[in-house]
Amino acid sequence: MKILHERAVALVKTYLRTETELISVLQEIDLCKGYRDMGFKSLFDYVRSLGLSENVAYNLITISRKSIQVPALKEMIQDQEISLSNAKVIVSILTPENQDKWLQAAAQLPKRELEKEVAKAYPEKVVQETVRYVSDQRTELKMGISDKILEKLKRVQDLESANGAANLERTLEAALDSYLQKNDPLEKAKRSKRLAPARVSQNPRAISAHLNYAVQKRDQAQCTHLQNGKRCTQKRWLDIHHKKPLSQGGQTTLENLILLCKGHHQLLHHG
Ligand SMILES: [Zn+2]
Ligand SMILES: [Zn+2]
């Protein structure tokens, strides 16, 4: 037994050293975006391709990225002042401003205690948000929510149960459907029966709801900016832009309007 124990101790040492070395290497690959040259979209995809589990890949990457912001984290892991399991506990809340307090806590407290302290100080950060594929068509969604949101969720569940048993998935779907119906211009475009007539309204700046739907529908509610022949994938923070400015006689018509994300819109006007 003694021999086995000694082997275990030695292997753990090697294991920890290997893990910190791996963090350093990943940091370098991350900084030069080297995974792209190897055909991977993200560092995460690359690390997964090395054969590591999602969990391990996620932890290594978050620690390596956090160490760029807080270099003392990696140094203390390397010097074995902080164990990797403790590093994982503080990584989501660690900042350059609070590092003194939390690096010290991670160095001194056992993992359980450390988890309690972090939970006390940052109750909203305790559950990591994850979206994980469990099969082609299904994902597992994990997140922390407040009491207030849980109450709302239960209320929607009660209401939705009128249409048959509503589990959490069905409840979420009902809530999302109702949000999208109300707020998604694409959904509205689907419902709007006719396209906006291409005419100038009385206020040249005013974009009627119909015209807005028509633009959203044609541009698929996505930024239309092209770079090297590839379309920008942004579907958030979209503006409607006049190709020919009103000041130069451009009109508020479907032909003269396009969707641009805030970034590309600003670039166009101020770039
Ligand atoms: Zn514009
Ligand atoms: Zn864009």
Side-chain angles (χ1 to χ4, degrees), residues 26-27 29-49 57-58 61-62 64-66 68-69 92 128-133 139 141 143 172 175-271:
L26 292 181
Q27 227 172 35
I29 295 178
D30 197 15
L31 283 174
C32 69
K33 304 245 183 294
Y35 51 87
R36 283 193 190 153
D37 304 341
M38 290 176 280
F40 295 97
K41 273 196 303 212
S42 66
L43 183 62
F44 183 77
D45 288 345
Y46 167 69
V47 177
R48 289 279 289 136
S49 82
Y58 177 83
I61 291 171
T62 40
S64 118
R65 291 201 168 141
K66 186 60 75 168
I68 297 173
Q69 214 189 337
S92 69
Q128 274 300 339
E129 282 186 15
T130 53
V131 180
R132 189 174 70 90
Y133 276 97
T139 52
L141 172 70
M143 64 198 261
L172 189 62
L176 293 176
D177 281 348
S178 132
Y179 177 92
L180 290 173
Q181 273 204 1
K182 198 168 146 214
N183 297 300
D184 185 357
L186 260 194
E187 284 299 315
K188 288 184 186 171
K190 266 190 223 159
R191 291 200 304 271
S192 113
K193 289 188 187 73
R194 59 198 171 86
L195 282 187
R199 65 177 161 78
V200 192
S201 73
Q202 269 155 354
N203 174 357
R205 284 183 186 280
I207 297 171
S208 70
H210 268 309
L211 187 51
N212 181 22
Y213 300 159
V215 175
Q216 301 279 352
K217 192 173 179 177
R218 184 200 56 205
D219 294 345
Q220 294 136 353
Q222 183 181 332
C223 176
T224 56
H225 181 84
L226 291 176
Q227 195 150 26
N228 305 325
K230 273 194 186 163
R231 183 163 169 191
C232 171
T233 57
Q234 189 57 263
K235 293 191 166 193
R236 293 182 188 179
W237 309 294
L238 297 171
D239 290 341
I240 292 186
H241 165 72
H242 287 81
K243 286 192 278 187
K244 187 175 183 191
L246 292 169
S247 58
Q248 291 167 28
Q251 298 191 331
T252 302
T253 57
L254 183 56
E255 294 71 36
N256 193 41
L257 298 176
I258 52 166
L259 284 182
L260 287 176
C261 70
K262 283 253 180 308
H264 283 127
H265 194 195
Q266 268 176 18
L267 201 73
L268 207 79
H269 285 282
H270 311 288

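Numbering starts at 1 and runs along the sequence shown. For ligands, and for the atoms within them, numbers begin at 1 and follow the listed sequence.
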Distance flag, aromatic centroids of Y46 and F40, threshold under 6.0 Å: yes
Minimum-distance N/O/S atom that H241 presents toward the Zn ion (ligand 1): ND1
Considering only N, O or S atoms of H264, the one closest to the Zn ion (ligand 2): ND1
N, O or S atom of H265 closer to the Zn ion (ligand 2) than 2.8 Å: no
C223 N/O/S atom closer than 2.8 Å to the Zn ion (ligand 2): yes
Please round to the nearest 0.5 Å and tell me the distance separating atom [atom1] of [X] and atom [atom2] of [Y].
X	Y	atom1	atom2	value
L26	I61	CG	CD1	6.5 Å
D45	R36	CG	CZ	12.0 Å
D30	L43	CG	CG	4.5 Å

Aromatic ring pairing H264/H225, orientation class (parallel under 30°, perpendicular over 60°, tilted between): parallel
The Zn ion (ligand 1) contact by H269, N, O or S atom under 2.8 Å: yes
